[in-house]
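Here is how names work: the chains are called A, B, and so on, in the same order as the sequence lines, proteins then strands, and each is numbered from 1. Reckoned from all heavy atoms, side chains included, excluding hydrogens, waters and symmetry mates.
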Protein chains: 2
Amino acid sequence: MKKTDRAAAPGGTAMLVLALLSTGEMYGYQMIEELERRSERVFQLQEGTLYPLLHSLEKDGLVTARNAQAPSGRTRRYYRITTAGQRALEEKEREWRVYAGAVHAVLAGCTP
Amino acid sequence: MKKTDRAAAPGGTAMLVLALLSTGEMYGYQMIEELERRSERVFQLQEGTLYPLLHSLEKDGLVTARNAQAPSGRTRRYYRITTAGQRALEEKEREWRVYAGAVHAVLAGCTP
DNA sequence: CTATATACCTGGATTATCTAGGTATAGTAT
DNA sequence: ATACTATACCTAGATAATCCAGGTATATAG
């Protein structure tokens, strides 16, 4: 994320990455572009954030990975969400809604 | 915040504290209770988070503080938001809306 | 044959927050 | 009297997420 968008809400970046993967297999570099596109340029995920995160998601069994040849010939590492990953995504979405709702309630109390 | 709600979105906790103060003067301990109440138990601000934060908000001129006797006799440190603090709050609210909107857009793209 | 875009990776710094303490006073219960 | 609880403020050190700045390597364009 950009500095100003640092520190997402509960499980923030992991949730966004899992959300991307729930739409289909993807490789790291592609996730950065996709996230930027789908957020209309708001989220600029850094490589130094993404790659270590993917490794820990893999270690936790939320995603699986495989190496494959791109049509271009370059090797890419494709990630796929697991069933556990889907469950984790749903849980994080729930938490996000609670969190965002609470922020809204506090802000609403200050501009009536 | 509770561990699960760690790391709020852009300027998260500062925004919430400024939002509280925009409704009137308040002392630290009270902010913890008020935030918990207004968020319906979602946000449990920790003292170790709040007090250093208040000091840095004061240093940045976003709030001012004064000591005063409570009816009980105990001394409290009351905080008041400044004009610069109001401006900062508005800016943080704008950022929050952009951020939350982007999260929504990404999540919407995964459960059509 | 060099520059740029693609593609992955890591170590160390930065920052926000938490944990776990500390101090002190007022009110309540024993 | 004495201890316990709630109130009220504070800080040092640990933890965790993210960034920064680098590194490596291949394909494509000029």
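Following rounding to the nearest Å, A/L50 (CG) and C/dC8 (P) show an atom-to-atom distance of 9 Å. For the pair B/K59 NZ and D/dC10 C1', the interatomic distance rounds to 17 Å; values are reported in whole Å. Per the geometry, CG belonging to A/L45 stands 14 Å off C1' belonging to C/dA7, to the nearest Å. Rounded to whole Å, atom C1' of C/dA24 lies 16 Å from atom OH of B/Y27. Distance, A/Y51 OH to D/dC20 C1': 16 Å, rounded to whole Å. Atom-to-atom, OH of B/Y78 to C1' of D/dT7 comes out at 12 Å; the value is rounded to the nearest Å. Nucleotide D/dA17 holds its C1' atom 13 Å from the CD atom of A/Q46, rounded to whole Å. When the P atom of C/dT6 is taken as reference, atom CD1 of A/I32 falls 11 Å away, rounded to whole Å.
The residue B/Q30 sits apart from the nucleic acid: no heavy atom pair falls under 4.0 Å. Counting any heavy atom pair closer than 4.0 Å across all strands shown, A/R74 reaches a base atom.
In this structure, the nucleotide among D/dT7, C/dA7, C/dA26 sitting nearest to the side chain of B/Y29 is D/dT7.
At a threshold of 4.5 Å between non-hydrogen side-chain atoms, the residues A/V103 and B/M15 count as touching. When side chains are defined from C-beta on, A/T75 counts as touching A/Q69, because their heavy atoms get closer than 4.5 Å.
Residue B/E33 is the one, among B/L54 and B/E33, whose nearest nucleotide of DNA chain D lies closer to the 5' end (criterion: closest heavy atom). Summary of the strand contacts: A/L53 and B/R77 both lie near DNA chain D, and taking for each the nucleotide with the nearest heavy atom, the more 5' one is attributed to B/R77.
Ion pair A/E95/A/K92 not flagged as a salt bridge, since none of the NZ, NE, NH1 or NH2 atoms sits closer than 4.0 Å to an Asp/Glu carboxylate oxygen. One finds no salt bridge joining B/E91 and B/R87 here, because no Lys/Arg side-chain nitrogen approaches an Asp/Glu carboxylate oxygen to under 4.0 Å. Salt-bridge check for A/R94 with A/E90: failed, with every basic side-chain N at 4.0 Å or more from each acidic carboxylate O.
With hydrogens and angles left out, the side chain of B/E47 and the base of D/dC10 share a donor-acceptor pair within 3.5 Å.
For the salt bridge (charged side-chain N to carboxylate O under 4.0 Å, His left out) criterion with A/R38, the lone passing option out of A/E34, A/E40, A/E36 is A/E34.
Residue B/T13 has a polar side-chain atom (N or O) positioned under 4.0 Å from OP1 or OP2 of C/dT17.
Side-chain contact of B/Y78 with B/R76: a donor-acceptor pair under 3.5 Å is present, judged by distance alone.
Among all heavy-atom pairs drawn from A/R66 and A/A68, the shortest one is NH1-CB, 3.3 Å.
Across residues 60-70 of chain B, not one residue has a non-hydrogen atom less than 4.0 Å from an atom of DNA chain C.
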Taking only nitrogen or oxygen atoms into account, show me every contact under 3.5 Å that the protein makes with nucleotides 12-14 of chain D, one pair per line with its distance.
none

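Evaluation of the side chain to side chain contact (heavy atoms under 4.5 Å, CB included) rule for B/S39 yields A/A102, A/V106, B/V42, B/F43 as partners, not counting sequence neighbours.
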